[in-house]
Amino acid sequence: VQLIWPQGIFNEPIQNYIQERSRRFLPMPKRTLGVLIRGTDYIKNPLPNHKKHASVDMVIEKIQEVEATWDFDWLYLATEDEEICSKMAEHFKERIRFTDQKRYTVKPGQLLVELHGNKEEGKGFLLGAEYICSVYLLSQCNSLIASGECGALTEAFRENSGKYEHVYVFELT
């Protein structure tokens, strides 16, 4: 399904939000490996209809494996998970970039949507803008590694239009 609005796909506030963050968090997309790691309930409390996702350690190992053959200097991380973001930042240090979006840690049995339900009045725009921006920046990278299949991956592929030089998506059973 393709949704079309008269003024384009995103309205002006979203376009401005993305453009400003593109300059800050993805300065050299052609030299950047995009990394999508779903965490929170995808890892800790998986739902029966969700694909199984790779752990952050598995993704780090894959990045190290492809470094010798894929041409990139930077990594751009798209994740909603605070623990994953911290571990990736600790491991890749100054080579990794990620947006300033709010990230979460779920408890056993807790779903991410429950934390989103606790948002402050009037903050819905920010939550949606953060997600849209993160996936858009991921779609602008030269290559991609993803922890598994999900809606964000589908959208990144759609927005990228087949321009990724290399792609690796974990398929776990």
Side-chain angles (χ1 to χ4, degrees), residues 18 21-22 24-29 31-116 127-160 163-173:
I18 291 171
R21 277 155 180 79
S22 291
R24 286 174 44 200
F25 303 117
L26 193 63
M28 297 196 308
R31 303 289 311 149
T32 303
L33 168 65
V35 181
L36 171 63
I37 306 178
R38 295 307 304 256
T40 60
D41 41 4
Y42 274 79
I43 296 292
K44 292 185 179 173
N45 306 301
L47 296 173
N49 60 337
H50 284 173
K51 296 280 188 173
K52 186 174 180 183
H53 279 249
S55 69
V56 65
D57 292 326
M58 293 168 74
V59 175
I60 289 171
E61 187 177 308
K62 187 64 181 177
I63 293 167
Q64 291 171 326
E65 179 186 315
V66 302
E67 271 188 298
T69 55
W70 294 13
D71 195 23
F72 62 91
D73 298 317
W74 304 97
L75 293 94
Y76 170 75
L77 175 63
T79 188
E80 76 286 358
D81 191 294
E82 180 64 39
E83 293 169 8
I84 289 171
C85 193
S86 294
K87 189 162 190 170
M88 291 287 288
E90 181 181 310
H91 189 85
F92 292 105
K93 308 219 182 298
E94 68 279 345
R95 292 181 61 206
I96 194 161
R97 302 284 186 264
F98 42 84
T99 67
D100 54 355
Q101 76 184 83
K102 180 164 176 50
R103 292 189 169 77
Y104 302 89
T105 300
V106 296
K107 299 174 187 150
Q110 185 179 40
L111 298 177
L112 181 60
V113 72
E114 294 171 29
L115 298 176
H116 289 173
L127 180 62
E130 288 172 341
Y131 182 81
I132 289 168
C133 179
S134 186
V135 172
Y136 175 81
L137 295 183
L138 188 68
S139 77
Q140 300 306 298
C141 295
N142 184 53
S143 295
L144 174 70
I145 291 177
S147 63
E149 292 181 28
C150 62
L153 178 63
T154 301
E155 182 58 19
F157 280 148
R158 188 191 70 75
E159 290 185 36
N160 180 270
K163 295 182 217 132
Y164 287 124
E165 186 174 339
H166 303 282
V167 172
Y168 183 86
V169 178
F170 283 86
E171 293 181 22
L172 305 176
T173 55

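For Y76, the OH atom sits in a packed shell: over 12 heavy atoms of surrounding residues, nucleotides or ligands are nearer than 6.0 Å.
Exactly one of E90, E83, E82 qualifies for a side-chain contact (heavy atoms from CB on, under 4.5 Å) with S86. That residue is E82. In summary, of the residues considered (E149, H53, M58), a side-chain contact (heavy atoms from CB on, under 4.5 Å) with L172 occurs for M58 alone.
Screening residues 164-173 for salt bridge (Lys or Arg N to Asp or Glu O under 4.0 Å) gives no qualifying pairs among residues at least two apart or on separate chains.
Listed by chain and residue number, nothing satisfies the ring-ring contact (aromatic ring centres under 6.0 Å, His included) test with F25 (two or more places apart in sequence, or in another chain). Under the rule for a ring-ring contact (aromatic ring centres under 6.0 Å, His included), the partners of H166 that lie at least two apart in sequence or sit in another chain are W70. Listed by chain and residue number, Q101 satisfy the side chain to side chain donor-acceptor pair (under 3.5 Å) test with T99 (two or more places apart in sequence, or in another chain). The salt bridge (charged side-chain N to carboxylate O under 4.0 Å, His left out) test applied to K52 returns no partner, not counting sequence neighbours. D100 is linked by a salt bridge (charged side-chain N to carboxylate O under 4.0 Å, His left out) to R21, R24, counting only residues two or more places apart in sequence or in another chain.
For the residue pair N142 and D71, the shortest heavy atom distance occurs at ND2-O, 3.9 Å. Summarising the geometry of R103 relative to L77, their closest heavy-atom pair is NH2-O, 4.4 Å, with the distance given to 0.1 Å.
In this structure, a donor-acceptor pair under 3.5 Å is absent between the side chains of Y104 and T79.
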